Chemist: 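I'd like to ask some things about the structure below.
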Protein chains: 2
Amino acid sequence: MDPRLDRDMSNCSIARTLEVVGEKWTILILREVWYGSSRFGDFERVLGCPRNLLAARLRMLVEEGILATETYKEPGARSRPKYVITPKGMDLVPAVMGLLQWGDRYRADPEGPAVLTRHRGCGAHVNVHVRCEQGHSVREEDVESVPGPAFRMKVAE
Amino acid sequence: MDPRLDRDMSNCSIARTLEVVGEKWTILILREVWYGSSRFGDFERVLGCPRNLLAARLRMLVEEGILATETYKEPGARSRPKYVITPKGMDLVPAVMGLLQWGDRYRADPEGPAVLTRHRGCGAHVNVHVRCEQGHSVREEDVESVPGPAFRMKVAE
DNA sequence: CACCTAAGTTTACTTTCCCATACCCAGCGA
DNA sequence: TCGCTGGGTATGGGAAAGTAAACTTAGGTG
């Protein structure tokens, strides 16, 4: 009989991204970096994340090139590492802002959002937005997904 | 001594969004809905997700109002439920597209992406993009986070 | 009326992840 | 050289997730 043909899951950019940032504390660590934290103790204190997981997540983010380590030195203390975001890490901002925006809309505190995102300089609110290369603003329901060059089907057993 | 003041984590839209879509299969289920799947068997077959978890995730997504159930009826079969995305679910598209876009850029198959997203109608590629209310295109490093109306500090023990 | 099918539920077992806590290590300053 | 401090590592228990397979259910078909 005909083999059943299905989309091959092994080649999915969403799944691959989630392999990196899909674990519990990872995106929250990135959020804190984005908000200005850089030290192990900052993350631990603000997030309340267990130290071993925090160390594991930071190590992974550095290995992936999303964070990088630098050293800092407080007067009268030895130099210690701190974590800064890389351009590759900055490119996660649209995804994280997408989560932020959805949470602000559907799960916000009655008082409003806890954090506002502004355009440095002009000061206006920023948001994420879907657009096409023709410059059109695209409504979510007008996004169409079609097979790309690496689209593969899989053969079910 | 002074209590230490920290950002209060309980009011974070990112964390709240992740409470809903942060579990392993959830976003992949949404992706499949977005790509056109709607039936229990579709998800099981394409994702390879265990049935019990799939049922639990679908139930949760319906409870959260991200998916809704409708019934379908194949000729000569009884009616069965199918899952369709709601407007609240569609509003997750920018976040999911952010993940897709990052994966396409940094973890793509050598051949290219498996899926292309196009503007229905004009056919041009779509992407997510940060902009401000003045209409400016905003570079990621020019996004500034400032305390909003519900910003709260917490007092460390 | 027995059988088939899709959509689950249930059960039992294994594996992985999460959390808390204790411990370790490398300077610096007293 | 002793303790203090920040940045980790090690460990052990418990919760959750993954795996596999049997069971259930409701209606349509032969």
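Order of the sequence lines fixes the chain letters, A, B, ..., with proteins taken first and strands second; residue numbering starts at 1 for each chain. Keep in mind that this is a model prediction, so the values were computed, not measured.
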Chemist: State whether A/Lys24 places a side-chain N or O below 4.0 Å from either non-bridging phosphate oxygen (OP1 or OP2) of C/dC17.
Modeler: no

Chemist: Same cluster or not: A/Val143 versus A/Val146, using hydrophobic residues (I, L, V, M, F, W, Y) connected whenever any side-chain heavy atoms lie under 4.5 Å apart?
Modeler: no

Chemist: Please confirm whether the backbone N or O of A/Ile66 pairs with a side-chain atom of A/Thr86, one donor and one acceptor, at under 3.5 Å?
Modeler: yes

Chemist: Strictly below 4.0 Å: does A/Arg39 bring a side-chain N or O up to OP1 or OP2 of D/dT5?
Modeler: no

Chemist: Would you confirm whether B/Arg57, through its side chain, and B/Trp25, through its main-chain N or O, come within 3.5 Å as a donor-acceptor pair?
Modeler: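 Checking the backbone N and O of B/Trp25 against the side chain of B/Arg57, no donor-acceptor pair under 3.5 Å is found.
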
Chemist: If two hydrophobic side chains count as joined below 4.5 Å and joins carry through other members, does A/Val21 share a cluster with A/Met90?
Modeler: yes

Chemist: C/dC18 C1' sits how many Å from A/Met60 CE, rounded?
Modeler: 15 Å

Chemist: So which atom in A/Val126 and which in A/His119 form the shortest heavy-atom distance, rounded to 0.1 Å?
Modeler: CG1-N, 3.5 Å

Chemist: Could you give the CG-to-P distance, from A/Asp42 to D/dG8, as a whole number of Å?
Modeler: 12 Å

Chemist: Nearest to the side chain of A/Leu53, heavy atoms from C-beta on, is which of C/dA6, C/dC18, C/dG8?
Modeler: C/dC18

Chemist: Which atom pair, heavy atoms only, marks the closest approach of A/Ser13 to B/Leu100?
Modeler: CB-O, 3.5 Å

Chemist: Distance check needed: C/dT5 P versus B/Glu74 CD, whole Å only.
Modeler: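 Distance check: B/Glu74 CD to C/dT5 P gives 13 Å.
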
Chemist: Select one nucleotide: of C/dT9, D/dG8, C/dG8, the one nearest the side-chain heavy atoms of A/Ala55.
Modeler: D/dG8

Chemist: Output the rounded distance in Å from CZ (A/Phe40) to P (D/dT5).
Modeler: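 So the CZ-P distance, A/Phe40 to D/dT5, works out to 17 Å.
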
Chemist: Check every atom of D/dA17, C/dC19, D/dG6 against the side chain of B/Arg57 and return the nucleotide holding the closest atom.
Modeler: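 So the side chain of B/Arg57 is nearest to D/dA17.
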
Chemist: Distance check needed: D/dA16 C1' versus B/Leu54 CG, whole Å only.
Modeler: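 The distance from CG of B/Leu54 to C1' of D/dA16 comes to 17 Å, rounded to the nearest Å.
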
Chemist: Summarise protein proximity over nucleotides 25-30 of chain C in one line of letters, 5' to 3': B for base, S for sugar-phosphate only, - for none, counting protein heavy atoms closer than 4.0 Å.
Modeler: -BSSS-

Chemist: Please identify which of these residues, B/Leu61, B/Leu28, B/Ile85, meets the side-chain contact (heavy atoms from CB on, under 4.5 Å) condition with B/Val33.
Modeler: B/Ile85

Chemist: Rounded off to whole Å, could you give me the CD-to-C1' distance for the B/Glu44 and D/dA20 pair?
Modeler: 12 Å

Chemist: Report the nucleotide, chosen from D/dG7, D/dA10, C/dA7, that has the shortest atom-to-atom distance to any side-chain atom of A/Asn52.
Modeler: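 Of all the options, the side chain of A/Asn52 is nearest to D/dA10.
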
Chemist: Kindly say whether A/Gly103 contributes a backbone atom to a donor-acceptor pair with the side chain of B/Thr17 at under 3.5 angstrom?
Modeler: yes

Chemist: Remember a base hit wins even if backbone is also touched, and classify A/Glu23 as base, sugar-phosphate or nothing at under 4.0 Å, heavy atoms.
Modeler: nothing

Chemist: Between A/Trp25 and C/dC19, is there a contact of a side-chain N or O with OP1 or OP2 at under 4.0 Å?
Modeler: yes

Chemist: Hey, does B/Phe43 reach any base, or is it just sugar-phosphate, or nothing, if we go heavy atoms under 4.0 Å?
Modeler: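 No contact.
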
Chemist: Does C/dA7 have its OP1 or OP2 closer than 4.0 Å to a side-chain nitrogen or oxygen of B/Lys82?
Modeler: no

Chemist: Check nucleotides 1-4 of chain C for protein N or O atoms closer than 3.5 Å to its own N or O atoms and list the pairs.
Modeler:
none

Chemist: Output yes when A/Arg45 and A/Glu32 qualify as a salt bridge under the 4.0 Å nitrogen-oxygen rule, no when they do not.
Modeler: no

Chemist: Return the nearest nucleotide to the side chain of A/Arg51; candidates are D/dT9, D/dT11, D/dG18.
Modeler: D/dT9

Chemist: May I ask you to evaluate whether B/Tyr83 reaches the phosphate of C/dA6, defined as a side-chain N or O under 4.0 Å from OP1 or OP2?
Modeler: no

Chemist: Between the main-chain N or O of A/Lys88 and the side-chain N or O of B/Trp102, is there a donor-acceptor pair closer than 3.5 Å?
Modeler: yes

Chemist: Separation of B/Ile29 atom CD1 from C/dG8 atom P, in whole Å?
Modeler: 12 Å

